[in-house]
Every structure is written in structure tokens, then in C-alpha cells.
S.K.: 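Pasting in a structure now, in C-alpha cells, and then I'll have a few things to ask.
Quick note: residue numbers are just sequence positions, from 1.
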Amino acid sequence: MCGAHLNRLHSCLYCVYFGCFTKKHIHEHAKNKRHNLAIDLLYGGIYCFMCQDYIYDKDMEQVAKEEQRKAWKLQVFSPALVSPYQYTMTGVGEKYSTWEPTKRELELLQHNPKRRKITTNCTIGLRGLINLGNTCFMNCIVQALTHTPLLRDFFLSDRHKCEMQSPNSCLVCEMSTLFQEFYSGHRSPHIPYRLLHLVWTHARHLAGYEQQDAHEFLIAALDVLHRHCKGDDNGKKANNPNHCNCIIDQIFTGGLQSDVTCQVCHGVSTTIDPFWDISLDLPGSSTPFWPLSPGSDAGVVNGESHVSGTTTLTDCLRRFTRPEHLGSSAKIKCSGCHSYQESTKQLTMKKLPIVACFHLKRFEHSAKLRRKITTYVSFPLELDMMPFMASSKESRMNGQYQQPSDSLHNDNKYSLFAVVNHQGTLESGHYTSFIRQHKDQWFKCDDAIITKASIKDVIDSEGYLLFYHKQFLEYE
């Protein structure tokens, strides 16, 4: 009736009607409709307009307490915006503090009743990160995670409910705060000191101010986030990420199928292991790369055909999923032959993750040498993973990938949304990242500095970590 709120709002128990008690709109409804019972939506009390008083009923009182307890539990440890860009954490049994818009915010809401569309010059979600001393490896991963579409939707919807005994030590809570900071509208660089402290606390091998590997940080961060999503105790029990339904595993975990085939009886032993990323060998490493397989140069996948001197991401995936002869020095005991036999091994994707992360193995560490591999790898903006699925294996002959006519299923198609690059040498280098803010709008993140980038800048970059998101789960 009046558009006001917090005026002791009541709901009619006869029909769908909400009216305030303070200005007596619920009274008018009761008189006109003869609907004489209403419930106080804040405390759950029942008001009788015939008695002109709240009535006590033991059963209703118990229902009210139970529903109030559930409501508070749902909102426990959720960031409550009590004033613009200031956040507090509520504890168990404490009343949830709702956001009250200021007079200025009410004016803005009234003048902008519809959500604004993202324009080419929109900067929402873009924010630099201060380098705290060789922490560019962390900053570029944070940029990639905060621009992961489904992860962003999860945190901006306030979906995280902390189960840690000490919320101040929860990395997921800190990530939730980071998302709020990134999308607060502030343009000044953020100082991620709390994130760094929590990483040092929970992943001690990354502690200190030495330069670390961005890939190693990504895996460590996902591992800690996975454990903290479930709380300390449950996290330790969930040894297999594939059996966990936390947001990290829902988005990043895939299933890798390994088929070992006996060369004598052709019996196949299959195992499926979870993965958060796929590490791909590159030409120029000590591991032989070419030839991929007989006749593979003629194949065209993802719109790419092999050009002499140019390696594509598809080439790397072909090599990763080709059959590999294990040789006489690596015989396995065949369950069919009941003896040790030579075998071949082939890896394929059994279950694709929502976010596919590809790690190009540019840093080679061996007993004889330590070096960086600078081979250029061409990677597409759109990637079809159907040729590398276990379900497509029967359509392959001797490693020759024949693209099936129905391979463009949306479930297997991905869009590039972030690229992490490394400049320099193995001993001295610097990490930067490209992130996609929205369709065809790319930005380069170099610690505190954010600059506009073209698609050509992105696909011409060297590439160290490539992040792809399932297309059908994105929205513009």
C-alpha cells in the first residue's frame, strides 16, 4: 500500500496480502475482508483483529522459533552490507543485519529502476591488485578466478555458508570478500594482504617472498578452497575431489580415463581419476613431441590445421590423448593373462569440468637442465573437446582423430575467458594475465595496472595457463 518496509510488516493468514501494522494497512484489510488473523513476519507472532491483541499458542510459538532459527542459520557468516562497501560477519544465533539504503542510494535506485547493460567502457569487476613482493603469481590467478563466470555467480549470490570453526582462517570467506571488493565499484587497486596471509598459513610451501609458480599456486588455492568449503573435518575426509559436491569441485573437477591394453590378449584395464587441470607437453622439451600419429597432420579439429612450425592447443591435446606404448621396461600384470605383459596406455576425458584449465609445461626441470620452453602455441577462442572424450575413442583408429558429425554438442564446447602468461626466464620473470570481462571485451592485468586489450593481443600471447568455460553455462 505505502511501499514502506520495517513498519512491522504482517501477512494475512487467509489470503496473499502483505500490509504494515504501523500505518494500519493490515487493519484496513482485515476490516474490509473480514480476515481476522495475520502473522508478524519479523517475530512470527499471531495477531487477532477481533481480540485486538497478539495471541499465544504453544504450537505456533514453537513453529515461529524453529523458522527463525532456520533463517538465522541460513544467513550465518554471510557478508551483510550495513553501509556502502563495509561488511560484517554474523555469528550463530545472532540476528542477520539487513542492508538499509542511504538517502543517496534510494535516489540512485529510483532514477535507475532497470539494471544497466554492460557497455564497452564499463569497468565493473575490473580492479588491480597491489604486488606485495613477488606476488604477481598470486595476482594473476586471483584475476582468473574472480572472472570465472559460474564462480562469480556463486559468490555474488552470497551462497557461501562458512563451516569453519574459525571463519577468520577460512580462505573461502576471504574469496567471498574479494569478489565483493572487485564488484564494489571501487577503482583503486586492492591490497590482498589477508589472502596472502591465509595462503601462507594453509599452504606453507608457498610462504615467503620468493617468486612462486602460478600453476602451483592455482592447484594449492583450489585444494585449500575445496577443504574450507566443507569445513576442517569434512575437508580432510574428502580425499577424492570427484566425490565432493563443493562449489570448487562442481566447477573445476573433471574425470580422466586411463585405458591400459594388454598387447597379448588385448584385455583393457580402465581407471578414472579426478583432475583440476591438464598439463600438456610442448615441442622443444626433452620429451619427443612429433610425430603425433600416422596421418594426423591432415586432421582438422577446432578449425585448426597443422602448419609447419606452428603448434596448436589441439596438437597438444592430440598428443596427450594418443595411445602410448609402455615398452618392455614397464610391463604390467595382465588380469587376463595372469602374467606381466607389454601394454599400451591411452588417456581420454571421461567427464568434462565446467572450467577446463590447460597448463602448458613451459618450465622443464630435469637432472641435466633447468630451462623455460618458449615454443609458441596457438590456442582458439572456442574449443570443442568432443574429439578427446572417452565416448569418441571408438571412432579413432590408431590415433587418427575423425571428427564426428555431431561433435559440436554445446555440452563439449568451451569459450576462452582467461590466459596467464610468464615473461622472462626460469630464474627471473613476471606473471601477467588477460581476462575476459564480457563477450569480446578483454583486459590485461599487470598487478595494479589494468589496460584494454584486443583479441589479437590475447591469442598472440605465449600462454602458460589457459582457462576455458563451458559455453552453455555462460550468460551475456
S.K.: Is the shortest heavy-atom distance from the side chain of L282 to the side chain of C316 under 4.5 Å?
M.R.: yes
S.K.: Under 4.5 Å between any side-chain heavy atoms of T135 and Y193, yes or no?
M.R.: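 In short, these two side chains do not touch, never coming nearer than 4.5 Å.
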S.K.: Ignoring hydrogens and geometry, is there a side-chain-to-backbone donor-acceptor pair from R362 to E462 under 3.5 Å?
M.R.: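 The answer is yes, because a donor-acceptor pair under 3.5 Å joins these two groups.
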S.K.: Can you name the one residue among H430, K372, H215 that meets side chain to side chain donor-acceptor pair (under 3.5 Å) with H422?
M.R.: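 Result: among H430, K372, H215, K372 is the only option passing the side chain to side chain donor-acceptor pair (under 3.5 Å) with H422.
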S.K.: Closer than 3.5 angstrom, by distance alone: can the side chain of H469 be matched with the main-chain N or O of S415 as a donor-acceptor pair?
M.R.: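 No, H469 side chain to S415 backbone: no donor-acceptor pair under 3.5 Å.
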S.K.: Return the minimal non-hydrogen interatomic distance between L151 and L145, and the atom names on each side.
M.R.: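 Minimum heavy-atom separation between L151 and L145: CD2-O, 3.6 Å.
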S.K.: At what distance, to the nearest 0.5 angstrom, does CG of L196 lie from CD1 of I191?
M.R.: 12.0 Å
S.K.: List the atom of A220, the atom of L206, and the distance in Å for their closest heavy-atom pair.
M.R.: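 Shortest heavy-atom contact: CB-CD1, 3.7 Å.
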S.K.: Which distance, rounded to the nearest 0.5 Å, do you find between the CD1 of I248 and the CG of D223?
M.R.: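 The CD1 atom of I248 sits 10.5 Å away from the CG atom of D223.
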S.K.: Between T312 and D315 (side chain of the first, backbone of the second, donor and acceptor by atom type, cut-off under 3.5 Å), is there such a pair?
M.R.: yes
S.K.: Passes side chain to side chain contact (heavy atoms under 4.5 Å, CB included), M349 versus M385? Steps please.
M.R.: CA-CA 9 Å; M349 310 295 168; M385 288 294 291; 4.1 Å; yes
S.K.: For G125 and H147, work out which heavy atoms get closest and say how close.
M.R.: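 In this case the closest contact between G125 and H147 is O-NE2, 3.1 Å.
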S.K.: Using modelled atom types only, decide if a donor and an acceptor are shared between the side chain of T148 and the backbone of L150 within a distance under 3.5 Å.
M.R.: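 No, the answer is negative, given that no donor and acceptor are paired below the 3.5 Å cut-off.
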S.K.: Without swapping roles, check the side chain of Q250 against the backbone of N245 for a donor-acceptor pair under 3.5 Å.
M.R.: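 Side chain of Q250 to backbone of N245: a pair is present.
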S.K.: Let me confirm one number: the CG-CZ distance from L313 to F358, rounded to the nearest 0.5 Å.
M.R.: 5.5 Å
S.K.: Does a side-chain heavy-atom distance below 4.5 Å link C170 with H160?
M.R.: yes
S.K.: What's the shortest heavy-atom distance between Y183 and I124, and which atoms?
M.R.: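 Scanning both residues completely, I find the closest heavy atoms to be O-CD1, 3.7 Å.
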S.K.: Do T451 and D446 have side chains that approach each other closer than 4.5 Å (heavy atoms only, starting at C-beta)?
M.R.: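 SC-SC contact between T451 and D446 ruled out.
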S.K.: Could you go step by step and tell me if L416 and L383 meet the side chain to side chain contact (heavy atoms under 4.5 Å, CB included) rule?
M.R.: CA-CA 8 Å; L416 183 72; L383 178 68; over 6 Å; no
S.K.: Taking L317's backbone N and O only, do any of them form a donor-acceptor pair with T321's side chain (distance below 3.5 Å, no angle check)?
M.R.: yes
S.K.: Do side-chain atoms of D460 reach the backbone of D457 as a donor and acceptor pair under 3.5 angstrom?
M.R.: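 No, D460 side chain to D457 backbone: no donor-acceptor pair under 3.5 Å.
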S.K.: Check whether any side-chain N or O of S428 sits under 3.5 Å from a backbone N or O of G424 as a donor-acceptor pair, and report yes or no.
M.R.: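 No, the answer is negative, given that no donor and acceptor are paired below the 3.5 Å cut-off.
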S.K.: Measuring from L195:CG to T177:OG1, what's the distance to the nearest 0.5 Å?
M.R.: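 That separation rounds to 10.5 Å.
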S.K.: P353 and side-chain contact (heavy atoms from CB on, under 4.5 Å): which partner among Y468, W276, Y414, F252?
M.R.: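 Of all the options given, the one that passes is Y414.
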S.K.: Taking the side chain as every heavy atom from C-beta outward, state whether C162 and H228 have any atom pair closer than 4.5 Å.
M.R.: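 Sidechains of H228 and C162: no contact.
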S.K.: So which atom in Q212 and which in H205 form the shortest heavy-atom distance, rounded to 0.1 Å?
M.R.: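 For Q212 versus H205, the nearest heavy atoms are NE2-O, 4.0 Å.
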S.K.: Looking at side-chain heavy atoms only, is the closest gap between F379 and V419 below 4.5 Å?
M.R.: yes
S.K.: Could you pull out the closest heavy-atom pair between Q437 and T123, with the gap in Å?
M.R.: NE2-C, 3.7 Å
S.K.: Are E324 and K345 ion-paired here, with the side-chain N under 4.0 Å from a carboxylate O?
M.R.: no
S.K.: Taking atom types as modelled, find out whether Q257 and K351 have a side-chain donor-acceptor pair closer than 3.5 angstrom.
M.R.: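 No, no side-chain donor-acceptor contact under 3.5 Å.
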S.K.: Could you tell me whether a side-chain N or O of N131 sits under 3.5 Å from a main-chain N or O of N134, the two making a donor and an acceptor?
M.R.: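 Side chain of N131 to backbone of N134, a donor-acceptor pair under 3.5 Å: yes, one is there.
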S.K.: Of S433, C357, C445, which meets side-chain contact (heavy atoms from CB on, under 4.5 Å) against V420?
M.R.: S433
S.K.: Is a donor on one side and an acceptor on the other found under 3.5 Å between the side chain of H226 and the backbone of L222?
M.R.: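 Not at all, since once roles are kept as given, no pair shorter than 3.5 Å links the two residues.
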S.K.: Report yes if the distance between the aromatic ring centroids of Y464 and H359 is under 6.0 Å, otherwise no.
M.R.: yes
S.K.: Quick one, L465 with L360, criterion side chain to side chain contact (heavy atoms under 4.5 Å, CB included). Give me CA distance, side-chain angles, the key distance, then yes/no.
M.R.: CA-CA 6 Å; L465 298 173; L360 305 183; over 6 Å; no
S.K.: Using a 4.5 Å cut-off on heavy atoms from C-beta on, say whether the side chain of I450 contacts that of R127.
M.R.: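 No; the side chains remain at least 4.5 Å from each other.
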S.K.: Kindly compute the distance separating CZ (F467) from CZ (F417), expressed to the nearest 0.5 Å.
M.R.: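 Atom-to-atom, F467:CZ and F417:CZ are 6.5 Å apart.
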S.K.: If you measure from CG on L352 to OG1 on T253, what distance do you get to the nearest 0.5 Å?
M.R.: 12.5 Å
S.K.: Do N412 and D384 pair up side chain to side chain, a donor and an acceptor below 3.5 Å, judged on atom types alone?
M.R.: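 Checked: N412/D384 side chains show no N/O donor-acceptor pair below 3.5 Å.
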S.K.: In this structure, are over 12 heavy atoms from other groups packed under 6.0 Å from H325 atom NE2?
M.R.: yes
S.K.: Scan side-chain atoms only and decide if N421 and T432 contain a donor-acceptor pair under the 3.5 Å cut-off.
M.R.: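 Not at all, the side chains of N421 and T432 share no donor-acceptor pair under 3.5 Å.
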S.K.: Assess the residue pair I278 and F320 against the criterion (side chain to side chain contact (heavy atoms under 4.5 Å, CB included)); give the C-alpha distance rounded to whole Å, side-chain angles, the decisive distance to 0.1 Å, and a yes or no.
M.R.: CA-CA 9 Å; I278 296 292; F320 182 80; 3.9 Å; yes
S.K.: Would you please indicate yes or no on a ring centroid separation below 6.0 angstrom for Y431 and F137?
M.R.: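 No, the ring of F137 stays outside the 6.0 Å limit from the ring of Y431, centre to centre.
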S.K.: Are I459 and L381 close enough that some pair of their side-chain heavy atoms sits under 4.5 Å apart?
M.R.: yes
S.K.: Taking NZ, NE, NH1 and NH2 as the nitrogens, is one of them in D281 or R319 under 4.0 Å from a carboxylate oxygen of the other?
M.R.: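 Yes, D281 and R319 are salt-bridged.
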